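As the structure is a computational prediction, the values presented were derived from the model and not from experiment. Here is how names work: the chains are called A, B, and so on, in the same order as the sequence lines, proteins then strands, and each is numbered from 1.
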Amino acid sequence: MWIVKETLSNILYNALTEAKEKGELKIKDEPLIVLEIPKDETKGDIATTMAMAIASAEKRNPRDIAQIIIKHIKDEAGIIDKIDVAGPGFINFFLKDGYYHQLLKQIDKQGKDYGRIDIGKGEKVQVEFVSANPTGPLHVGHGRGAAVGDALANILKAAGYDVVKEYYINDAGRQVYILGESVRLRLDELHGKKVDFPDDYYKGEYVKEIAKDYIAKVEEKGILLGTFQEFACEAMLKDIKKDLKDFGIEFNRWFSENKELHDKGLALTAIHELEKKGFIFVEDGAKWFRTTQFGDDKDRVLIKADGQLTYFASDVAYHKEKAERGFSTIINVWGADHHGYEARVRAALKAFDYNDRNLKIIFIQLVKLLRGGVPVPMGKREGEFVTLRQVMDEVGSDAARFFFLMRRSDSHLDFDLELAKKQSSENPVYYVQYAHARLCSVERQAVERAVKIPVADSVDFGLLKLPEERNIMKQIALYPITIEGAARALEPHRITFYLQNLAGLLHNYYFHHRIITDDKALTDARLVLVKGVRQVIKNALDILGIKAPEKM
RNA sequence: GCGCCUGUAGCUCAGUCGGAUAGAGCAACAGCCUUCUAAGCUGUGGGCCGGGGGUUCGAUUCCCUCCAGGCGCGCCA
């Protein structure tokens with residue numbers, strides 16, 4: 001379908017040009033040739049609204065324009081079976097079965113590369129996600145951000161972009177200082193001292209664990225280490241890295257605020273540059289960045305009256321640094337509670353003369369955990385967050401990732417732990433994985449019965465006459481277009497929806513028709529068809545970071 | 001008060017750059033295993049797309065306004 005889309009675009013473009021040359025159409029603007037897949041299959045395989053789009057400029061009936069365009073269509077590739085004009089002026093194309101047969105051969109040949117497209121043309125893109133402060137374990141919200149960011153990066157890779165996955169480590173500033181102090185106090189406690197533990201310090205159990213670890217490593221083994229802060233921060237980061245690794249996520253780069261910004265003085269450099277550009281003023285002893293000049297609703301402090309840099313100062317420097325690395329697009333995956341931050345970061349990019357349209361920010365809405373329909377209490381009281389680790393341990397990382405990707409990012413997510421564990425069609429993860437396992441089972445069965453898995457070139461696909469078979473072929477033809485849409489819109493959830501549809505078609509087909517039959521030629525054709533389905537499910541699950549089991 | 005997000009079937013949500021009769025899953029009800037995995041399949045009912053205006057051939061989609069919910073508005077990070 002991807003190929004059809006490109007071919008048809010050209011065909012339509014040529015038809016339009018010819019109509020214009022012959023004076024049958026007058027418009028000057030090049031209209032966008034929009035192709036869509038009709039929901040109703042009786043309306044063809046693919047359709048365009050272009051006749052309606054140009055009708056008003058042309059001041060003519062869209063249906064007449066459609067007729068003119070059709071008249072000039074030359075189907076040199078021989079993929080079109082029939083063309084209709086319908087409704088207010090849709091041009092509907094019915095494709096030849098041969099097109100789908102070609103497609104099956106193509107999938108068989110491309111294997112894991114089927115679905116890779118090249119809209120990215122190798123452009124460099126950075127996806128920065130999770131970036132949780134190393135002051136506590138990752139919680140469920142971070143998990144959603146991790147699943148979305150990782151899937152997004154994988155989608156962009158499949159779409160032909162050169163992608164860097166990056167984690168920004170907030171290892172400077174007051175938060176990590178407090179973490180270090182919290183560990184120090186717990187350590188004193190372990191040594192039997194009475195301590196007064198402040199309310200705004202980190203109270204979680206993990207702080208005590210780090211303190212115990214400190215005793216084991218530093219006091220008992222005499223390993224030399226830096227400050228409590230460094231020790232605690234490193235310990236925390238180690239846990240975070242382990243959590244993410246077990247969640248199936250590998251970053252290309254861990255960007256340390258301390259080492260890569262402050263040690264190099266980049267925050268101050270950035271501020272000096274802004275100063276030179278005249279965007280800085282001093283008030284009440286603090287240095288301010290006039291972000292209102294770039295659309296923010298308040299000016300922001302970069303250096304406090306006490307001489308400390310603000311968090312924002314680091315972020316200005318970080319985004320400047322990102323921009324200088326030459327990415328065509330910078331994607332930040334943030335929790336929705338950070339949306340107030342967007343304007344000032346954009347202001348920073350604009351102040352450094354970078355086009356802030358190259359910055360995309362994906363906001364991740366809250367996750368509401370349920371257990372059998374009943375909300376799991378997630379009080380904001382310290383230490384009571386449900387961690388990503390707990391969820392992974394309970395439902396597994398496959399189910400967790402799938403659930404995190406089932407909704408649009410900016411939509412609240414209800415995550416039912418009981419549902420995620422259920423082994424039935426109610427649970428979409430199992431539904432999709434089961435489709436894959438089932439097909440693997442069919443292939444095993446074929447081998448057992450000494451039916452060789454055929455080579456696509458030697459198969460008569462004309463035998464696939466069932467409407468279910470055609471629907472399945474259409475759906476797998478749609479896969480690259482789904483990748484394209486998800487990449488353009490930065491919406492990974494489209495892949496999960498796609499998978500559920502495809503799995504549905506497959507289960508239905510499987511239930512009603514036998515794949516291995518007494519008819520050798522038919523069996524061959526069907527085996528190649530379902531092998532294609534299996535491949536597409538596998539490819540799509542790979543992108544989402546979810547396993548495609550061969551047995552369940 | 002200002003800003004951002006959300007509002008679609010009983011519930012949870014999709015809905016492609018503005019297109020054709022608004023979809024899916026769950027729940028409810030009624031059915032299907034002598035067969036390659038029943039972790040599956042089939043059927044039925046269910047809608048003021050939050051309300052009201054506007055833009056046009058056409059609006060769930062774009063604009064304005066109102067209502068409801070969530071979040072954000074520090075010399076915090």
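For A/E418 and A/K422, the salt-bridge test fails: no basic side-chain N is under 4.0 Å from an acidic carboxylate O. Between A/R526 and A/D519 there is no salt bridge, since no side-chain nitrogen of the basic residue lies less than 4.0 Å from a carboxylate oxygen of the acidic one. Salt-bridge formation is detected for the pair A/R300/A/D297: a Lys NZ or Arg NE/NH1/NH2 atom is positioned less than 4.0 Å from an Asp or Glu carboxylate oxygen.
A/Y311 comes within 4.0 angstrom of a base, heavy atoms only. As judged by a 4.0 angstrom heavy-atom cut-off over every strand, A/Y510 is placed among the base-contacting residues. Within 4.0 Å of A/A437, counting heavy atoms only, lies at least one base atom of the nucleic acid. At the heavy-atom level, A/A446 lies nowhere under 4.0 Å from the strands shown. Within the 4.0 angstrom heavy-atom criterion, base atoms lie near A/A47. When heavy atoms are screened at a 4.0 angstrom cut-off, A/H436 is found touching no nucleic acid atom at all. Nucleic acid contact for A/D315: none, since no nucleic acid atom lies under 4.0 Å from a heavy atom of the residue. At the heavy-atom level, A/T49 lies under 4.0 Å from base atoms of the strands shown. A/E550 comes within 4.0 angstrom of a base, heavy atoms only.
Distance A/L405 CG to B/C13 C1': 15 Å, rounded to the nearest Å. For the pair A/R407 CZ and B/A14 C1', the interatomic distance rounds to 8 Å; values are reported in whole Å. When rounded to the nearest whole Å, the span between CZ of A/F404 and P of B/U12 equals 19 Å. Rounded to a whole Å, the CG atom of A/L309 is 12 Å from the P atom of B/C76. Going from atom CD1 of A/I37 over to atom P of B/A14 covers 21 Å, rounded to whole Å. Taking atom CD of residue A/Q365 and atom C1' of nucleotide B/G72, one finds them 11 Å apart after rounding to whole Å. In this entry the distance linking CG of A/D414 with P of B/A27 reads 16 Å, nearest Å. Counting to the nearest Å, the C1' atom of B/C26 and the CG atom of A/L370 are 13 Å from each other.
Look at A/H339 and you won't find any side-chain N or O under 4.0 angstrom from OP1 or OP2 of B/C2. Close to B/U6, at under 4.0 Å from its OP1 or OP2, lies a side-chain N or O of A/R408. In this structure, A/R344 does not reach the B/C73 phosphate: none of its side-chain N or O atoms is under 4.0 Å from OP1 or OP2. Applying the 4.0 Å criterion to OP1 and OP2 of B/C41, one finds that A/Y431 has a side-chain N or O inside that range.
Scanning all heavy atoms of the two residues, the minimum distance from A/I483 to A/I543 falls at CD1-CD1, 3.5 Å. A/A435 and A/I537 get closest at one heavy-atom pair: CB-CD1, 3.9 Å.
For the strand RNA chain B, secondary-structure stems (runs of at least three Watson-Crick or G-U pairs, all distances below 3.5 Å) span B:1-7 with B:67-73, B:10-13 with B:23-26, B:28-32 with B:40-44, B:50-54 with B:62-66.
Using modelled atom types, no side-chain atom of A/R401 and backbone atom of A/I546 make a donor-acceptor pair closer than 3.5 Å. Between the A/D299 side chain and the A/T292 main chain, a donor and an acceptor come within less than 3.5 Å of each other. Looking only at distances, a side-chain donor or acceptor of A/D416 sits under 3.5 Å from a matching main-chain atom of A/G372. Judged by distance alone, the side chain of A/D284 and the main-chain N or O of A/A286 form no donor-acceptor pair under 3.5 Å.
Among pairs with a residue in residues 492-501 of chain A, those fulfilling side chain to side chain donor-acceptor pair (under 3.5 Å) read A/E491-A/R494, at least two apart in sequence or across chains.
Annotation: A/R174, atom CZ; neighbour count of heavy atoms from other residues, nucleotides and ligands within 6.0 Å does not exceed 12. For A/F294, the CZ atom counts as densely surrounded, since its 6.0 Å shell holds more than 12 non-hydrogen atoms of other residues, nucleotides or ligands. The neighbour count for A/K421 NZ, taken as heavy atoms of other residues, nucleotides or ligands under 6.0 Å away, is above 12. Around the CG atom of A/D306, the shell of radius 6.0 Å holds more than 12 heavy atoms that belong to other residues, nucleotides or ligands. Within a 6.0 Å sphere centred on CD of A/E550, other residues, nucleotides and ligands contribute 12 heavy atoms or fewer.
Comparing the C1' positions of B/G70 and B/G10 gives a spacing of 23 Å, expressed to the nearest Å. Here the separation of B/G50 from B/C13, taken at their P atoms, is 15 Å to the nearest Å. Taking atom P in both B/C76 and B/A14, the straight-line distance is 38 Å, to the nearest Å. With P as the reference atom, B/U44 and B/U37 are 30 Å apart, rounded to whole Å. Here, B/U60 and B/C17 have their C1' atoms 15 Å apart, quoted to the whole Å. One P atom belongs to B/C66, the other to B/C4, and the distance between them is 13 Å to the nearest Å. Between B/G54 and B/G47, the two P atoms lie 27 Å apart (nearest whole Å). Spacing between B/G46 and B/C71 at atom P, rounded to whole Å, works out to 37 Å.
Between the side chain of A/N501 and the base of B/A14, no donor-acceptor pair of N or O atoms lies under 3.5 Å.
Annotated as anti: B/C29, whose O4'-C1'-N torsion sits more than 90° from 0. Its glycosidic angle being more than 90° from 0, B/C62 falls on the anti side.
Contacts with RNA chain B (heavy atom under 4.0 Å) in residues 279-291 of chain A: A/E283, A/D284, A/A286, A/W288, listed by number. Using a 4.0 Å cut-off on heavy atoms, the residues of residues 297-308 of chain A that approach RNA chain B are A/K298, A/V301, A/K304, A/A305, listed by number. Annotation: proximity of residues 166-180 of chain A to RNA chain B (heavy atom, distance under 4.0 Å) is found for A/A172, A/R174, A/Q175, numbered in ascending order.
In the set B/U37, B/C5, B/A14, the nucleotide with an atom closest to the side chain of A/S441 is B/U37. Nearest nucleotide to the A/R494 side chain, out of B/C17, B/U35, B/A39: B/C17.
Ring-plane geometry between A/Y168 and A/Y318 is classed as parallel, the angle between the planes falling under 30 degrees on a 0 to 90 degree scale with a further cut at 60. In this structure, A/W288 and A/F281 have parallel ring planes: the angle between them is below the 30° cut-off, well short of the 60° mark.
Just one of A/R534, A/K531, A/R449, A/R438 meets the salt bridge (Lys or Arg N to Asp or Glu O under 4.0 Å) condition when paired with A/E443; it is A/R534.
Between A/Y341 and A/Y509, the one whose closest nucleotide on RNA chain B sits nearer the 5' end is A/Y509.
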Assign a letter to each nucleotide of nucleotides 42-47 of chain B from its 5' end: B, base within under 4.0 Å of a protein heavy atom; S, sugar-phosphate only; -, no contact. S-----
Give the C-alpha distance, both sets of side-chain angles, the deciding distance and a yes or no for side-chain contact (heavy atoms from CB on, under 4.5 Å) between A/V345 and A/W334. CA-CA 12 Å; A/V345 169; A/W334 285 355; 3.9 Å; yes
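A donor-acceptor contact under 3.5 angstrom links the side chains of A/E257 and A/S314, judged on distance only.
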